[in-house]
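This report refers to the structure that appears directly beneath it.
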Amino acid sequence: MDATIHGNSSILPNAWLANARAPATLNRQPRDAQGCNYTRIMAGRNLDKQVSHRRGRKHREARVTARAGHVGCGGGRGENADETLTARAPSNGRPGPYGARDRRFRFWIDYQALSSAGSADLLERALRAAGGVKAGGPPKTDPATGNKREDGVFGYMHMDAWDLLWSVTAKAALAADLLRKHQMLGIIPGLLAVSRKTTLVRSLRDLFGEAAWDIVPRSYKLPDELDEWGRWVAENPERDTGLWMLKNNKQRGTGLRLVRTSEAFTVCFETVPRPDLAPGVHLYRWYLAQQYVTKPLLIDSRKFGVRVWVLVSDAAPLRIYIHSRGLVLFSSHRYDVEQVSSPQVPGGEGSPSSSPAPCHVTNYAQNENGDVWSLAQLASHLGLAAWGQLWRAMCRSAASAFAAALPRGAEVLAEVRPPPHSCFQFFGLDFLIDQQLRPWLLEVNATPSMKVEHTDPRVAELIYCQKWPAIRDMVALLGICHDRFDERAPGGPTKDRSTPEYALEELRRRGGFLPMLHLLPHPASSTTPSAAATAGLLRPLPWSPADRALREWCRTCREYQRAAEEVPYVGG
């Protein structure tokens with residue numbers, strides 16, 4: 001008999017089937033009101049161009065030694081020959097003296113770890129514009145063969161080769177405890193507490209208890225909370241929407257199955273083998289059961305999701321911003337709550353491989369050439385009052401999610417101990433809006449795509465005009481330039497970035513980012529267990545004296561208050 005990893009739980013009865021109707025399509029939505037000419041801007045630029053590594057020379061894979069803090073450097077030179085000649089770094093891999101002729105910094109992007117070849121195109125462009133030279137990170141696939149490289153392709157293997165590393169969480173985390181004080185890393189250790197579907201739910205529930213279900217749909221970890229899930233369904237039939245989304249931790253809108261309550265407690269026991277496990281040992285397929293929002297807000301009969309971008313510019317003290325641009329991503333089919341599973345999948349509804357019907361899916365990766373709006377178009381459609389209400393609610397939910405990550409985040413940072421102010425992270429948050437204009441946070445993506453791709457040039461232009469300002473403003477707000485990495489420069493790595501004075505400098509570089517620090521629980525009401533309990537929190541938050549000083553500054557700084565009150569496209 002096959003063994004199943006996890007545990008045993010009781011099975012509840014099941015039995016109903018659903019009717020299905022064929023989906024319909026919708027006309028194109030109007031173009032972005034921003035008036036940005038993507039076709040003209042992109043003319044002459046080949047953002048997908050990648051220069052392959054020289055034939056016959058292999059980068060040796062380095063052995064990472066955490067305590068030594070050094071690895072063998074397989075390539076500190078830029079991949080563009082012209083840039084390398086003018087921006088070669090010193091042989092010791094450190095920035096040159098302040099005022100030297102070389103005024104560039106080195107960045108490494110782990111393209112092979114990203115979801116697609118163009119996932120970091122806009123980031124690379126912004127870093128080059130800020131004075132960066134690409135030091136490494138071979139393309140997603142070899143231009144000639146379409147194959148990935150296997151020999152030392154990730155930045156953590158070449159710690160002396162870069163000043164800034166951008167990678168996925170799993171790869172970047174391997175560099176976190178090896179960082180030198182002049183380096184920057186595009187993840188914050190510990191924020192995995194919100195960037196996985198299961199940990200997001202657990203973090204919110206651990207801090208807010210039942211109030212977590214005002215931020216995310218009611219959810220249960222599988223199989224650990226299977227009995228609790230069954231009890232809630234049995235005791236609350238009037239609150240059960242009748243549909244549950246089963247999820248695993250896959251990205252890009254995959255790893256989902258929509259099921260009716262009547263069959264959910266059978267389907268959740270599906271298992272899958274894995275090559276790295278012993279023969280006959282299976283894993284449960286589903287990690288999370290989440291109540292489905294059956295009454296979403298519709299536009300022209302179609303469901304949509306909202307993608308916004310959040311930047312955590314530092315974790316100690318915490319500083320957090322949300323960008324005023326974003327995307328409204330439409331399902332490719334008219335919404336039909338009765339059509340549960342995709343009719344195109346072999347086996348149909350009830351098959352282990354069944355996926356949700358297209359009318360339920362708004363993820364861009366599953367609707368790459370679907371209809372897209374900007375936030376300005378959504379604001380115009382809803383009206384300014386309704387849009388202002390929705391925007392503020394999304395900001396509150398986003399801030400609550402990152403507050404919930406603080407306890408685990410502080411533990412991880414204490415273990416890893418990266419240099420002060422060396423880590424930042426850029427997130428993509430996905431919201432579903434219901435008919436009551438309540439935003440439901442569905443996912444926090446730790447490596448949002450920066451790709452601009454669409455068959456319709458007008459929609460590609462719209463996507464570009466939302467993504468590019470967010471990436472450009474991130475680089476500016478973080479102060480990324482040569483001086484940031486030069487120990488002798490006034491703004492170098494030794495600069496104290498924990499003060500309100502620096503927070504004001506950062507605020508003035510924010511571009512389209514809006515601050516959210518004031519939306520977090522205040523240290524005065526959340527640092528001790530008793531204060532946290534009074535504020536309705538289940539646990540205290542690990543605020544430092546620097547966090548306290550920063551929050552008091554927020555209360556008294558008029559410039560911060562004006563920025564915090566802004567609502568995109570309202571009154572502007």
Side-chain angles (χ1 to χ4, degrees), residues 188 190-191 193-195 199-209 211-216 306-324 326 375 388-410 424-433 437-446 448 470 474 477 503 506-507 510 512-527 532 535-544 547-548 550-555 557 560-568:
I188 296 180
L191 290 190
V194 291
S195 61
T199 55
L200 170 64
V201 170
R202 183 171 66 242
S203 297
L204 286 167
R205 189 172 181 178
D206 286 349
L207 183 63
F208 297 109
W213 313 135
D214 293 330
I215 302 168
V216 295
V306 177
R307 161 61 64 92
V308 296
W309 297 291
V310 167
L311 173 64
V312 181
S313 61
D314 203 343
L318 180 68
R319 297 190 299 278
I320 183 171
Y321 299 84
I322 186 170
H323 204 270
S324 56
L375 296 187
Q389 171 192 333
L390 176 59
W391 174 257
R392 294 185 180 94
M394 288 194 296
C395 289
R396 288 193 298 271
S397 292
S400 296
F402 286 96
L406 286 173
R408 178 56 183 160
F424 67 94
Q425 195 156 357
F426 182 75
F427 295 90
L429 275 63
D430 293 328
F431 287 95
L432 174 70
I433 316 303
L437 283 185
R438 169 180 285 188
W440 295 97
L441 179 59
L442 300 183
E443 187 172 357
V444 176
N445 193 308
M474 174 188 71
L477 186 149
E506 192 175 75
L507 186 70
R510 64 188 174 89
F513 279 105
L514 304 177
M516 294 197 296
L517 196 55
H518 61 291
L519 297 174
L520 299 168
H522 196 279
S525 62
S526 60
T527 306
L537 306 179
L538 300 187
R539 59 192 304 184
L541 296 177
W543 298 116
S544 69
D547 287 299
R548 289 176 177 271
L550 203 57
R551 299 300 292 284
E552 289 306 313
W553 167 77
C554 291
R555 286 182 168 183
C557 177
Y560 180 94
Q561 293 169 359
R562 285 195 297 270
E565 291 171 359
E566 291 182 22
V567 176

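All values below come from the heavy atoms of this structure, side chains included, with hydrogens, waters and symmetry mates left out.
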(request) Heavy atoms only: give me the nearest Ser400-Leu204 pair and the separation to one decimal. (result) O-CD2, 3.9 Å
(message) Minimum heavy-atom separation for Pro407 and Pro540, please, with both atom names.
(response) CG-O, 4.4 Å
(request) For the pair Tyr560 (side chain) and Leu517 (backbone), establish whether a donor and an acceptor sit closer than 3.5 Å, ignoring hydrogens and angles. (result) yes
(message) For a quick check under 3.5 Å, do Asp206 and Ser203 share a side-chain donor-acceptor pair by atom type?
(response) no
(message) Under a 3.5 Å distance rule, please check whether Ser324 uses its side chain to pair with a backbone N or O of Gly512 as donor and acceptor.
(response) yes
(message) My understanding is that only residues two or more places apart in sequence, or in another chain, count here; which of them pass salt bridge (charged side-chain N to carboxylate O under 4.0 Å, His left out) with Arg510?
(response) Glu566
(message) Measuring from atom OG of Ser195 to atom CZ of Phe402, what distance do you get when rounded to the nearest 0.5 angstrom?
(response) 8.5 Å
(message) Consider side chain to side chain contact (heavy atoms under 4.5 Å, CB included). Of Leu442, Val194, Ile215, which one does Leu200 pass it with?
(response) Val194
(message) Do Arg551 and Trp543 form a cation-pi contact, if we require the NZ or CZ to be under 6.0 Å from the six-membered ring centre and within 45 degrees of the ring's axis?
(response) yes
(message) A side-chain contact here means heavy atoms from C-beta on lying under 4.5 Å apart; do His323 and Leu514 qualify?
(response) no
(message) Walk me through whether Arg205 and Val216 qualify under side chain to side chain contact (heavy atoms under 4.5 Å, CB included).
(response) CA-CA 10 Å; Arg205 189 172 181 178; Val216 295; over 6 Å; no
(message) Ignoring hydrogens, what is the shortest heavy-atom contact between Ala404 and Leu207? Give both atom names and the distance.
(response) CA-CD2, 3.6 Å
(request) Enter the distance from Ile188:CD1 to Ser313:OG here, rounded to the nearest 0.5 Å. (result) 7.5 Å
(message) Rounded at 0.5 Å granularity, tell me how far CG in Leu311 sits from CH2 in Trp309.
(response) 13.0 Å
(message) Minimum heavy-atom separation for Leu429 and Ala398, please, with both atom names.
(response) CD2-CB, 3.5 Å
(request) Would you indicate whether the side-chain heavy atoms of Trp213 and Val201 approach each other to under 4.5 Å? (result) yes
(request) Check step by step if side chain to side chain contact (heavy atoms under 4.5 Å, CB included) holds for Phe208 and Leu537. (result) CA-CA 5 Å; Phe208 297 109; Leu537 306 179; 3.6 Å; yes
(message) Please report the interatomic distance CH2(Trp391) to CD1(Ile322), rounded to the nearest 0.5 Å.
(response) 4.0 Å
(request) Looking only at non-hydrogen atoms, find the nearest pair between Ala564 and Pro515 and report the distance. (result) N-CG, 4.0 Å
(message) Is it the case that the side chain of Gln425 and the backbone of Val312 share a donor-acceptor pair, with hydrogens and angles ignored and the cut-off at 3.5 Å?
(response) no
(message) Distance check, rounded to the nearest 0.5 Å: Arg307 atom CZ versus Asn445 atom CG?
(response) 5.0 Å
(request) Could you tell me which residues satisfy salt bridge (charged side-chain N to carboxylate O under 4.0 Å, His left out) with Arg562, sequence neighbours excluded, listed by chain and number? (result) none
(message) Ring centres under 6.0 Å, that's the criterion: do Trp440 and Phe431 meet it?
(response) no
(request) To the nearest 0.5 angstrom, please state how far the CZ atom of Arg319 sits from the CG atom of Leu550. (result) 6.5 Å
(request) Applying side chain to side chain contact (heavy atoms under 4.5 Å, CB included), run through Val306 and Leu375 and close with a yes or a no. (result) CA-CA 8 Å; Val306 177; Leu375 296 187; 3.9 Å; yes
(request) Could you tell me whether the side chains of Glu552 and His522 share a donor-acceptor contact shorter than 3.5 Å? (result) yes
(message) Quick one, Leu191 and Phe427 - any side-chain contact, counting heavy atoms below 4.5 Å?
(response) yes
(request) Compare every heavy atom of Leu441 with every heavy atom of Ser397, then report the nearest pair and how far apart it is. (result) O-CD2, 4.5 Å
(request) May I ask you to decide if Met474's main-chain N or O and Tyr321's side chain share a donor-acceptor pair within less than 3.5 Å? (result) no
(message) If you define the side chain from C-beta out and look only at heavy atoms, does anything of Leu541 sit under 4.5 Å from Pro521?
(response) yes
(message) Checking the side chain of Asp547 only, and the main-chain atoms of Ala316 only, is there a donor and an acceptor separated by less than 3.5 Å?
(response) no
